[in-house]
Amino acid sequence: MESRSTRVQGLVFGGLMAAMTVVFSLVPGLSVLMPIPLVLAYVRYGGRIAVMTATAATLFTMAFTGVVSAILAIPAGILPGLVFGMGFRRKWKPLTIGLAAVLTFFLGFALEYAVTRVVMFDGRDPFVAMLETPAVQNQVEMMAGVMEQTAAMIESGAADGAATAAQQQMAQQYRDVADLLRRDAVGLVWTLLPASLFFAGAFSSWFNYMLCRLILPRFGHPLPPSTSFAEFRLPIWVIWAYALISLAVPLLAGGDMTALPWWGKLLLNVFTPLMFILVLAGLAVAYGWMRRRGLAKGLAVLILAAAFLLLGQLGMQLLVLLAMWDTVFDVRGLGHGLWKRTEETRQREG
């Protein structure tokens, strides 16, 4: 049973954390620290105090800045603080915390979109309203021009002046995107929005996690060490998902992306993040393998950077294949995958 003195301490601490959250929300340069007080309240006194702290912070922010600003502060700091606090208190794995934070980012964007559409644009789509402004239209035209110039450079850079089939296909894809930007920029934004939100949410989650690792130990709440980059690996289901989606991607490539059926848009938005996750995993495999062979960190990073710059798109494809190979066959000998190597084998090879 929780003692009365503990409850009183929790309420006092929650009030202080709510005040800090409000101060951080009012000062632009400190707004990135908004989740930290809520994380501290959750880790130290549990979910009830954290929710009360979040409610008080929202109400006080509403009193100082208005209803709309207070609602927009919820996805910026309130929700991430509660999610990270819950994850740390319940000792979730870093990957689980990150996925929960990305999902929360999606929910926060939905809240921001609804408030912005109703309050600021009288029910109109905010993307339509913004794309109608001359400044944004000029930027769209500039981006379309860059796409067309890139397509021309790909074709002109071909050996003997004759572009290969792959180069012609890539150049045509750039031209298709340029045409879509001019003809249906709003449709293109909505088509690519889920993947864009995923990357933004992943970066936001990583940034908040780094902030927590930096600040929480100073308040007596050390976090468990996260997996090093050299040992980063993927679960086997990611490989199956990528392999199955890759079979359908050639059917979706090129043409009007905005005219795809709903399942095509879904596959396109799932495929892009998965591909970059596999590229990251491939870099981790190569880096971890070199580190296990005794190469210094700086030299391993230099080799990877040079290879990536020299090989370009081929390098990305090789990294994807390397990540898939490691996930199945345990290249680094970390004891994972479908064909795990025995401890004796790993020691002998190490």
Side-chain angles (χ1 to χ4, degrees), residues 31-32 35 72 74-77 79-80 83 95 97-117 120-121 124-133 135-147 150 170 173-210 234 238 241-242 245-246 248-249 252-281 283 313 316 320:
S31 58
V32 295
L72 294 179
I74 293 176
L79 291 179
V83 169
L95 180 60
I97 296 175
L99 291 175
V102 171
L103 177 60
T104 304
F105 189 88
F106 274 85
L107 296 176
F109 172 82
L111 177 62
E112 286 184 345
Y113 177 82
V115 172
T116 303
R117 180 164 186 163
M120 298 182 180
F121 295 97
R124 294 185 66 206
D125 187 343
F127 293 120
V128 174
M130 288 186 293
L131 287 169
E132 287 178 350
T133 60
V136 176
Q137 287 181 352
N138 291 336
Q139 292 180 356
V140 170
E141 181 61 33
M142 186 182 302
M143 292 174 61
V146 170
M147 293 289 180
T150 304
M170 185 181 299
Q173 288 175 351
Y174 278 105
R175 291 194 176 94
D176 290 339
V177 173
D179 180 62
L180 278 174
L181 281 171
R182 293 192 175 99
R183 178 165 44 86
D184 189 11
V186 176
L188 184 60
V189 168
W190 276 108
T191 300
L192 301 178
L193 185 62
S196 302
L197 287 178
F198 175 85
F199 286 118
F203 176 78
S204 175
S205 301
W206 171 82
F207 182 77
N208 284 323
Y209 189 83
M210 291 297 104
L234 298 174
V238 174
Y242 183 82
I245 295 175
S246 297
V249 166
L252 308 176
D256 189 349
M257 288 185 289
T258 63
L260 293 173
W262 67 267
W263 57 268
K265 294 179 181 179
L266 177 63
L267 289 179
L268 185 65
N269 280 277
V270 172
F271 175 79
T272 304
L274 274 181
M275 182 184 67
F276 281 100
I277 289 172
L278 283 166
V279 169
L280 180 66
L283 287 170
Q313 187 176 10
M316 294 183 63
V320 169

### Message
For Pro75 versus Gly108, what's the shortest heavy-atom pair and its separation?
### Response
CB-CA, 3.3 Å
### Message
Going by the rule side-chain contact (heavy atoms from CB on, under 4.5 Å), which residues pair with Met210 if we only count those two or more places apart in sequence or in a different chain?
### Response
Trp206, Arg213
### Message
Do Phe109 and Leu193 have side chains that approach each other closer than 4.5 Å (heavy atoms only, starting at C-beta)?
### Response
yes
### Rounded distance [0.5 Å steps], OG in Ser204 versus CG in Leu197
11.5 Å
### Message
Within this structure, what is the CE-CD1 distance for the pair Met275 and Ile245, rounded to the nearest 0.5 Å?
### Response
12.0 Å
### Query
What heavy-atom pair brings Pro126 and Thr116 nearest, and what distance separates the two atoms?
CG-CG2, 4.1 Å
## Note on the structure
So OG1 of Thr150 and CZ of Arg175: to nearest 0.5 Å the spacing works out to 10.5 Å
### Test item: Arg182 and Met147 side chains (from C-beta on) under 4.5 Å apart, heavy atoms
no
### Task
Identify, with sequence neighbours excluded, every residue that meets ring pair (Phe, Tyr, Trp, His ring centres under 6.0 Å) alongside Phe199.
Phe276
### Task
Return the minimal non-hydrogen interatomic distance between Asn208 and Pro80, and the atom names on each side.
ND2-CB, 4.0 Å
### Task
Compare every heavy atom of Val83 with every heavy atom of Ala101, then report the nearest pair and how far apart it is.
N-CG1, 3.9 Å
## Note on the structure
Met143 meets the side-chain contact (heavy atoms from CB on, under 4.5 Å) criterion, sequence neighbours left out, with Leu181
#### Entry: Contacts of Phe105 that satisfy ring pair (Phe, Tyr, Trp, His ring centres under 6.0 Å) - sequence neighbours left out
none
#### Entry: Worked verdict on Arg124 versus Glu132 for side-chain contact (heavy atoms from CB on, under 4.5 Å)
CA-CA 12 Å; Arg124 294 185 66 206; Glu132 287 178 350; 3.0 Å; yes
### Query
Rounded to the nearest 0.5 Å, what separation is found between the CG atom of Leu99 and the OG1 atom of Thr104?
10.5 Å
### Query
Phe106: what forms a ring pair (Phe, Tyr, Trp, His ring centres under 6.0 Å) with it, not counting sequence neighbours?
none
### Query
Val115 versus Leu111: any side-chain heavy-atom pair under 4.5 Å?
yes
## Note on the structure
Interatomic distance, CG@Leu274 vs CG@Asn269, rounded to 0.5 Å, equals 11.0 Å
#### Entry: Flag side-chain contact, heavy atom, 4.5 Å: Val320 against Tyr242
yes
### Query
For Asp125, what residues pass the side-chain contact (heavy atoms from CB on, under 4.5 Å) criterion, not counting sequence neighbours?
Tyr113, Arg117, Phe127, Val128, Val186, Trp190
